[in-house]
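Inspection log for the structure reproduced underneath, given as structure tokens.
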Amino acid sequence: MATDAKTDTAAPARPATVTLTIDGQEVTVPKGTTVLEAALGMGIQIPTFCWHPKLKSVGACRMCYVEIEKMPKLAVSCATEAVDGMVVHTDSDLVKRGRKAIIEFILANHPLDCPTCDKGGECDLQNLTYRHGIDDSRFDFMKMRFTEGAERTTFDDVRIGPEIVLNRNRCILCYKCVRANKEAFGEYDLGAFERGNITEINAAPGREVENPFSGNLVQICPVGALTNSDWRYKIRVWLTKQARSICPFTGSGANTLLWKEDHQQKIFRCTARRNDDIDDGWIADVTRYGYQYVMAEDRLQTPLVKKDGKQVKASWDEALALVAKRLREVDDNKGNVCIGGLIAPHLDNKSLYAFNKFMRVTIGANNVDHRLDYPMLPTDGNSAFSILASRPFTIADIDTSDVIVSFASDMLKEHPNEYLRMRKASFFRQAKIYTIDPYAVKNSDIASLDVVYTPGADEAVINALCLAAAEDQMVDAARIKGLKEKLSHKSAADAAKAAGVDLDEIKVIARALANGKKITFMAGELLARSSFREAAAAALANLNRLFDIDSRGQMARLARFSNSRGAEKLGLSPFPAPAVKKELEAAFGSWPASDALTADKMLVQMNKEAINAAIVIGANPIMLYPDREFAREALEKLDFLVVCDSFETATTSLADVVLPLASFAEYTGDYINMEGRTQTAEAAIKPRFQSKPAYEIVSLIAQALEKPLFKSDVDCGTEMAKILAADHVLPWPSGYLEVAGEPVATSEEYPIPLFVGDDPHHSGHLTEKANSLLNFRGEAYAEMSAELAASLDVRNGDSVRVESPVGKVIVPVRISDWIDTPVVFIPRNFSSTPVTSLLMRKERVNRVKITKVAD
Amino acid sequence: MTIDYTIFLISAAVAVFGATMMIMQRNPVASVLYLIVSLVAQAVVYVQLGAIFMGAILIVVYAGAILVLFLFVIMLLNLRANPELSAGMPTLSWFTRTAVPVLLIVELYFVIDRVMLPSAPTGMLGEVEDNFGAVHDVAIKMFTDYLYPMQLTGVLLLVAVVGAVVIARRETAEPRKTAVNPGDKAEKPSNTVAG
Amino acid sequence: MLEMILISSAKVIAVILAVLTGCAYATYMERKVVAYMQHRIGPSYAGPYGLLQPLADAVKLAFKEDIVPDGVERITYAIAPIASFVPAMLIFAVVPFSSDFTFFGYDIPGVISDLNIGVLYVLAMTSLGIYGIVLAGWSSPSKYSLMGGIRSSAQMISYEISYGLSIVGILIIGNSLSLTDIVSQQASESWLFFGNWYIVKQPLGFLLYLVCAIAETNRAPFDLPEAESELVGGYHTEYSSMRFSMFFIAEYAYMIGVATVGTTLFLGGWNGPFLPPIVWFVIKVFMFMFFYIWLRATFPRFRYDQLMQFGWKVLFPLALLNTMGTAAWVVLFG
Amino acid sequence: MKDILKAIGNVFIKMPQGFLVTLKYFFKKPVTLDYPRKKKPMVPRYRGKHYLERYDDGTERCVCCGLCAAACPADAIYMEPEETEKGERKAKVYEINLLRCIFCGFCEEACPEEAIFLGQEYEFSADARNKFLWTKQDMLVPHPRKDNPFKRILRRVRKVYGTPEATR
């Protein structure tokens, strides 16, 4: 299967086409195309159950029968490769009879419980029975029935995962779920068991179907065998309408449909909207179930205003008047630069731009940033990290790359769609996958090489790569020139030792990078969250220059949030790209003279009481900033704090005024994903309660300050269009950068490196309000290797005390299947466990000690 | 002062009061009502005198029939109290104004002079014979001694009735203005549609 | 003497109570009988078979607001119901409801007052009853009431003559105006117990009495004074509450009154075999009342001109004929 | 003279005839009902107020599939499903707006579970608009049924022949 021609259309040189006739029409298709795909390409509908465009064909259901001349029997079109001169009939009487027989055969054991079945109304079997089927059955025996439970409590539905309910009676054994789980997600928690009449799909023994993509299994099930709790028994499908939305939690912006009901103003589910450029029709569960926070019961309903130390409900007019009054007071007393603005990068373009203009024109301060969960941000717009973050990236190119490197990135947790792309490339094309991480991550199972370096030695491992390539002359000598002088590590072995990795492995990767035809190099959040990311970014710039990756592929730090790239493009950072800044100046008519402060610096200034007021929109710095105490102290010292959020959070509890923020599903907004692709999320429902979109809130505050932002929405759009048109991509530096590799400090008292990030089923602070996701992971945990757990004498679920010099938390242990070094990972998404309180913003690697909590 | 005497006095007073009020009322209906009061009181007096038949007849004929007829006529003509009635009335001549009372007084004198009143009204019922004023006696008197006056009175009443009819007919002799005959609804266009 | 007064008072109270109760249940009977004749059920909610319906009606009427409209002749308006009610009750003073009976050793006559001109007294009372109606119609500031009053007075005048004349036949034969005498004349010891009843001797007189009595009491089909379809409520349109109920009671009291008088005059009064006299009397009155109601259920209302023509051109000559015929009979054969 | 004879004839023949007519009706059975106490038995196929059937063991027949709501031409039915402990589907909210309902019986026709029927009840006046919103509790037949075994047999027989019966 090395040359699976299905996706290999990039080689037109070979005359690999065949011509066949389908229903009297001649068609020419690439060699290897199946008859079914050829017919579908012509717009001929052939009914299927088991076929899926992104999976391999198995021909399990036989529904796609076609008649092919000179073949003795009906042929299964999804498993029949098109050959020259084939004459295919898809609509002959024989085919119709065949389909009818298949439907009857499937219905022999399929219960007719459509009224209770949630698939009713969108069920493939239902539709095809209507179209091709019969209205009576010739089978007069009892249907096969799978049940669970004792006689009196018999039930058909079994819960095989936190969210998935299986009804084996309805299953028609198309194996789509099992195949998708295996081929697309690389999971083996679902399988087919037994033989013959009692064949059943079920969870693997002793396991639950809880992989982060399990929702897709429900969506692709052609019948109602797999249903999920989210949608189960909520509403009938024909009563709903769909809003075309996008994922608000990931950087790729997977396309989704929000199924809503207009009268009730409710969203009932979220499904994938296949976009082959971005998501291939698979969405992660965090996307699928995360929308539930929109419908959460504890949304903020009205503005809150602090009176006598207590937050009380207030009207919008009252709250806005207070905001305007207090901002003016602070402004008058302390001066322009004393007001800071933080905005979350999951808000839409218009909100971001409005806030940008509000801060820079209405307030007149340069203090605006969206990167609020990163410590020690570079204070220079031209830093290597900024360059790396601004580089272009194309998701679909991952598919076609033959060398894929993920560096310092837990892809499953951070970029689920790109994670699936890597799996796709690996499974269908046998692409070479290399992961270079401070701890082993999920996709190490498909990696040709999984390099685990010493936590904190980010730049050392990249230096080792560069030096190995230079020493072994893998690239042109001209490129090597000038490199070694800039690096602090004198040799590849030196660097590999500093990084704690095997030089041979590094050499393999370097050779692959040097020889790869198409390379994708992705740097992730573990780099970005590192306090000393700048050195690693510089090392990556050197790497890019050395291997000339840009000419053979792409290299970028992937944008983490749904509109991170949009925020960059709209100049929502202290140091916008020069082209963007030029457009902004033109649009604003002025540029604030004050110092540009990053989010990180703003917090520092707040701690010094140099910034006295702040506006925080949609963000929760206390929970997410990697030094909880620091962030809280900073915000507590403020004279006046306005927070817009959808929920009451740790940050809103400090606020003087809390304004309810509308969620992504409640207004139409544009989002720019990591590729720079602008996508629109349509409003599904009206803003719930009294919440308002961020741009409206910002405009209202500006109006209350008597400095309106825009004359009209049209003005806003034209201004924004000009800015978005500006090129924000920063060029690589002209020469090699100096990389000072510092040794990683160790500590006897706190031996274990701690990594804090998102759980695979969560993202940020909002998904905590999505009940389905809480069913997957409801509380924080300490993920660690089995060896470490054994050394601590703890088992899965035992509580451990995780202590750092500044704090401690008690969390249950979760033994990881892939982490094999003594590190610990704790998700930050759960407000009940303030894991960020363990972190110190200046630490290169946060280290903790773990002790078992006695029962 | 027996009970009978008291009753007589009260009845007499009511009768006189009713008669007086009757002629003093401007409202014709009120006049009729006072007349009824007077008549009932008189009937009581008759009964006390033993003339039960007369008393009953008084009520049946006068109160029951004739005054109802009066009321009917008054109501039909809708004669309400009219303040302009007296103002617009022609003043009587001085002769009439003096002559009528004088004549009445003279007449009264002769009557009082001629008639022998009983010495005392007490015990009236006891002093008359049993059948005094009963139907039988009245009938005998009426159809023997007073036969001709009685018949003449009847003729007189007949004449009066005929005269009244003649007078009444003259007023309504003109042709009616509204057509009562269904065939006469001629020139009026029937543009109204039932329902 | 005192005993006589007490006995008389007791009789008066008993008769008044009986009449008032009779009036109440006459309404019930009327509604029920008319309902059955019209294929309906009639009152059935208050009490078993709706027997407490009259009580409920009475309570309802008593507790209604007493509305006096603007523009009424206040005194007349107030007098009218009383003027209607009192004569109706007075009729029963002369009606013999039973033979003389002995009660705790006292001989008690079956009549409150045996007036020797009883018939005339009855005529007088029925003719006085019209005043209530006429005055009610006149004093109410309403054209419906006035029309009711006018119609009533005209009807009264027209039918009273025939009413009186219809009885004259009996008077000629019986040679007495006392109702007690008339009843005793109708007694019979033979097996043909109704042989002496005046209905046998005066059939035409009875018919005339029947018709005129109905007309006198403003009952259907002679209920023009209160013709609902034309005059809303007729003379009592503007009355409510107790004042209205007095009219109501008066109407039914008149009905019972003429029924008792008719029974006394034509149907032999309390005479009858086997049963006690009072029971016979009640049975006969009941039948009379039933006929009243039956008539209402059967006949439509007269038109006004029909009413007048019938009264003057049919009843009056017939009554004269009856009188003269009876007189001739008595002179020739008596 | 002829008129007089005719009048006499009327009095002695025609009028008694008329009296006899009314008297005849007096003794006939009334056609009206003692309405609030006795109700008119409606024809078996009368489409009155809806009721929701149960299985013999008391569980609700309705699975909240929504077909009645889909079939309803007046859009009078609103429902929200929920999951029972056993994982079965069941109506959490089932409301019929009787002001919108046109009593066409399509819901009855559409129901695959034979759960909803239009009953014989025709009295549903109320004094407030919201009282016309009939919820599931209003429509579910009581369990156990308050009727005798004979009625139960009768109901089963009727069910075989597809005739809805009064339950309230």
Side-chain angles (χ1 to χ4, degrees), chain A residues 111-123 126 130 135 145-161 163-170 224-240 261-266 268-269 295 771-772 775, chain D residues 50 52-97 99-101 106-117 129-130 133 135-136 139-140 143:
Chain A
L112 298 178
D113 59 351
C114 303
T116 41
C117 179
D118 250 330
K119 202 78 176 180
E122 54 173 1
C123 174
Q126 205 178 30
Y130 267 107
D135 53 5
R145 186 168 176 213
F146 295 90
T147 52
E148 293 280 330
E151 182 66 30
R152 282 189 59 74
T153 57
T154 301
F155 54 94
D156 291 356
D157 293 0
V158 281
R159 189 167 286 271
I160 57 168
E163 280 298 301
I164 298 188
V165 179
L166 168 70
N167 184 325
R168 287 159 295 173
N169 300 321
R170 295 185 194 139
L226 291 171
T227 48
N228 58 16
S229 308
D230 178 31
W231 167 257
R232 188 174 161 86
Y233 302 161
K234 292 290 190 317
I235 194 170
R236 279 300 183 182
V237 67
W238 55 80
L239 299 175
T240 55
E261 210 278 328
D262 283 345
H263 295 290
Q264 300 177 45
Q265 283 291 313
K266 273 188 190 170
F268 285 92
R269 70 170 169 182
M295 302 310 302
N771 286 329
S772 291
N775 288 341
Chain D
H50 317 67
L52 290 170
E53 263 293 359
R54 290 181 192 268
Y55 285 104
D56 289 341
D57 64 350
T59 49
E60 296 159 21
R61 272 182 166 270
C62 177
V63 297
C64 207
C65 68
L67 288 186
C68 48
C72 183
D75 228 356
I77 304 179
Y78 171 78
M79 55 175 65
E80 270 180 37
E82 68 173 359
E83 198 172 343
T84 63
E85 300 90 38
K86 277 172 72 176
E88 287 175 342
R89 192 185 168 99
K90 160 182 179 261
K92 180 170 75 179
V93 177
Y94 191 101
E95 288 174 353
I96 295 186
N97 186 342
L99 292 175
R100 300 196 72 161
C101 180
F106 280 11
C107 46
E108 198 179 338
E109 300 280 330
C111 186
E113 301 284 332
E114 295 187 348
I116 188 167
F117 290 99
R129 289 183 77 86
N130 58 5
L133 206 62
T135 61
K136 196 176 79 166
M139 287 184 286
L140 264 178
H143 179 79

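Reminder, nothing fancy here: chain letters follow the sequence lines and each chain counts from 1.
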How many angstroms lie between [atom1] in [X] and [atom2] in [Y], if you round to the nearest 0.5 Å?
X	Y	atom1	atom2	result
A:T116	D:E113	OG1	CD	6.5 Å
D:R89	A:D157	CZ	CG	11.5 Å
D:E83	A:S229	CD	OG	6.5 Å

**Message:** Would you say that more than 12 heavy atoms from the other residues, nucleotides or ligands in this model lie under 6.0 Å from the OH of D:Y55, or not?
**Reply:**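 Yes, the 6.0 Å shell around OH holds more than 12 heavy atoms from other groups.
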
**Prompt:** Got more than 12 heavy atoms from elsewhere within 6.0 Å of OH, D:Y78?
**Reply:**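 Yes, enclosed.
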
**Message:** Test side-chain contact (heavy atoms from CB on, under 4.5 Å) on A:Y233 and D:E82; report intermediate values, then the result.
**Reply:** CA-CA 5 Å; A:Y233 302 161; D:E82 68 173 359; 5.8 Å; no

**Request:** May I ask you to decide if D:C65's main-chain N or O and A:R236's side chain share a donor-acceptor pair within less than 3.5 Å?
**Result:** yes

**Which atom of D:G66 lies closest to which atom of A:W238, heavy atoms considered** = O-CZ2, 3.7 Å

**Request:** Decide yes or no for D:E80 and A:Q264: does some side-chain heavy atom of the first lie under 4.5 Å from some side-chain heavy atom of the second?
**Result:** yes

